[in-house]
Amino acid sequence: MAERRKLIAGNWKMNGLKADGLELASDLAGRLKGAGAVAFDMLVCPPFPLLFPVGEAIADSPLALGGQDCAAKLSGAHTGDISPQMLKDAGCGFVILGHSERRQDHGETDAVVKAKAEAAIGQGLVAIVCVGETEAQREAGQADAVVGAQVAGSLPAGANAATVVIAYEPVWAIGTGKTATPADVAAMHGFIRAELAKVLGDADKVRILYGGSVKPGNAAELMATADVDGALVGGASLKADDFWAIGTSCR
């Protein structure tokens, strides 16, 4: 099995003003700098207005910066959109794409996510492509079919372990306090890796994150689960102690 370093990614969503973001990011950056060798990479994805100040605050630390979305276009008459080259200019190395909140609230299809991922990769960003089923789809026995279609439809040609991370987030577990069982997570992550093998040449090296109410109390068990290569964390990423505890649960 390929050695895959854990990635702990914090999706701040639409939370935090400048002072809050700088305090949180600086706290995490200081912990990373002082911790020496750790078993994980750590990433924060603040709202767009905070990217430049947070990026400057963490520039001399191992803490990575990412955007929460980007457009498929690099520039032009696209009011309200943020291009991948703008994210790169702000110091980002990653971008979250296809999150269920984007798919549901903004009607993003697999084709839209794929186009965004292609543009992001073209600008040197690592695309964190999110996939996941709703509770109704899981109860109807459609989880594999839904997630498999998202994997196949959302990844651009030529994507590889250096340019793409997959984040499996069962929609019913995001912000609800519900968490998939380790057995469910292992089964889905194994399925996703098998699906990746159909479209990518180095599927065994691609990191697959779990997201959905990850918190300090369940992180160690989840991070020790087969084929789980880290976490995409929502609410708990807004508290430095909680987010750091999720990171240090990695072994």
Side-chain angles (χ1 to χ4, degrees), residues 4-69 87 90-96 99-101 126 128 130 132 165-170 173-180 182 185 207-225 228-251:
R4 298 183 298 268
R5 184 172 168 83
K6 295 284 197 291
L7 172 63
I8 305 301
N11 178 10
W12 294 3
K13 306 190 180 185
M14 196 171 68
N15 294 293
L17 302 181
K18 184 178 179 180
D20 307 316
L22 287 176
E23 180 180 3
L24 175 56
S26 298
D27 187 330
L28 293 170
R31 296 187 196 213
L32 267 181
K33 288 174 67 176
V38 293
F40 57 91
D41 297 326
M42 183 164 273
L43 163 69
V44 292
C45 298
F48 292 133
L50 302 188
L51 287 176
F52 270 103
V54 167
E56 291 172 356
I58 67 175
D60 64 343
S61 81
L63 184 61
L65 184 70
Q68 296 180 18
D69 182 44
L87 296 183
C92 292
F94 295 79
V95 60
I96 299 169
H99 192 280
S100 64
E101 290 159 5
V126 176
I128 301 177
C130 300
V165 172
I166 302 297
Y168 167 61
E169 293 198 312
I174 299 172
T176 64
K178 298 179 181 179
T179 309
V185 173
R207 292 190 280 193
I208 305 175
L209 314 183
Y210 173 74
S213 297
V214 179
K215 45 190 176 290
N218 60 24
E221 186 175 34
L222 287 167
M223 294 306 101
T225 300
V228 173
D229 306 313
L232 181 56
V233 186
S237 73
L238 299 173
K239 298 178 181 178
D241 287 343
D242 288 356
F243 194 50
W244 184 251
I246 292 170
T248 55
S249 72
C250 299
R251 296 291 182 266

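For this chain, numbers begin at 1 and follow the sequence in order.
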Side chains of Asn15 and Pro47: does their closest heavy-atom pair fall under 4.5 Å? no

So, for Phe40 and Cys250, which heavy atoms are closest and what is the spacing to 0.1 Å? CB-SG, 4.2 Å

Looking at every heavy atom in both Leu87 and Asp69, which two are closest together, and how far apart are they? CD1-O, 3.6 Å

Would you confirm whether Asn11, through its side chain, and Gly234, through its main-chain N or O, come within 3.5 Å as a donor-acceptor pair? no

Any chance you could measure Leu17, atom CG, to Leu50, atom CG, to the nearest 0.5 Å? 7.5 Å

Is there side-chain contact between Ile246 and Pro216, with at least one heavy-atom pair below 4.5 Å? yes

Report yes if some heavy atom in the side chain of Leu238 is under 4.5 Å from a heavy atom in the side chain of Lys13; otherwise report no. no

In terms of heavy-atom contacts, Val214 and Gly211 come closest through CG2-CA, 4.2 Å

The reported gap from SG in Cys92 to CZ in Phe52 (rounded to nearest 0.5 angstrom) is 8.5 Å

Nearest heavy-atom neighbours spanning Ile96 and Cys130: CG2-SG, 3.7 Å

Do His99 and Gln68 have a side chain donor and acceptor closer than 3.5 Å? no

Between atom OG of Ser237 and atom CD1 of Ile8, what is the distance when rounded to the nearest 0.5 Å? 11.0 Å

Nearest 0.5 angstrom please: Leu22 CG to Asp27 CG, how far? 12.0 Å

Which atoms form the tightest heavy-atom contact between Leu65 and Leu43, and what is the distance? C-CD1, 3.4 Å

For Lys239, check salt bridge (charged side-chain N to carboxylate O under 4.0 Å, His left out) against everything at least two apart and list the hits. none

Can you confirm whether Glu221 sits close enough to Val228 that some side-chain heavy atom of one is under 4.5 Å from a side-chain heavy atom of the other? no

Using 30° and 60° as the class limits, which term best fits the ring planes of Tyr168 and Tyr210: parallel, tilted or perpendicular? tilted

Under a 4.5 Å cut-off applied to non-hydrogen side-chain atoms, are Leu24 and Phe243 in contact? no

For the pair Ser61 (side chain) and Lys33 (backbone), establish whether a donor and an acceptor sit closer than 3.5 Å, ignoring hydrogens and angles. no

Inter-residue atom distance Asp241.CG - Leu28.CG, 0.5 Å rounding: 9.5 Å

What distance do Asp229 atom CG and Met223 atom CE have between them, rounded to the nearest 0.5 Å? 9.0 Å

Sidechain-backbone polar pair: Arg207 side chain, Arg4 backbone, donor-acceptor under 3.5 Å: no

Thr176 and Ser213: CA distance, side-chain angles, deciding distance, side chain to side chain contact (heavy atoms under 4.5 Å, CB included) verdict: CA-CA 7 Å; Thr176 64; Ser213 297; 4.3 Å; yes

Can you name the nearest heavy-atom pair linking Ala64 to Phe94, along with the distance? CB-CE1, 4.0 Å

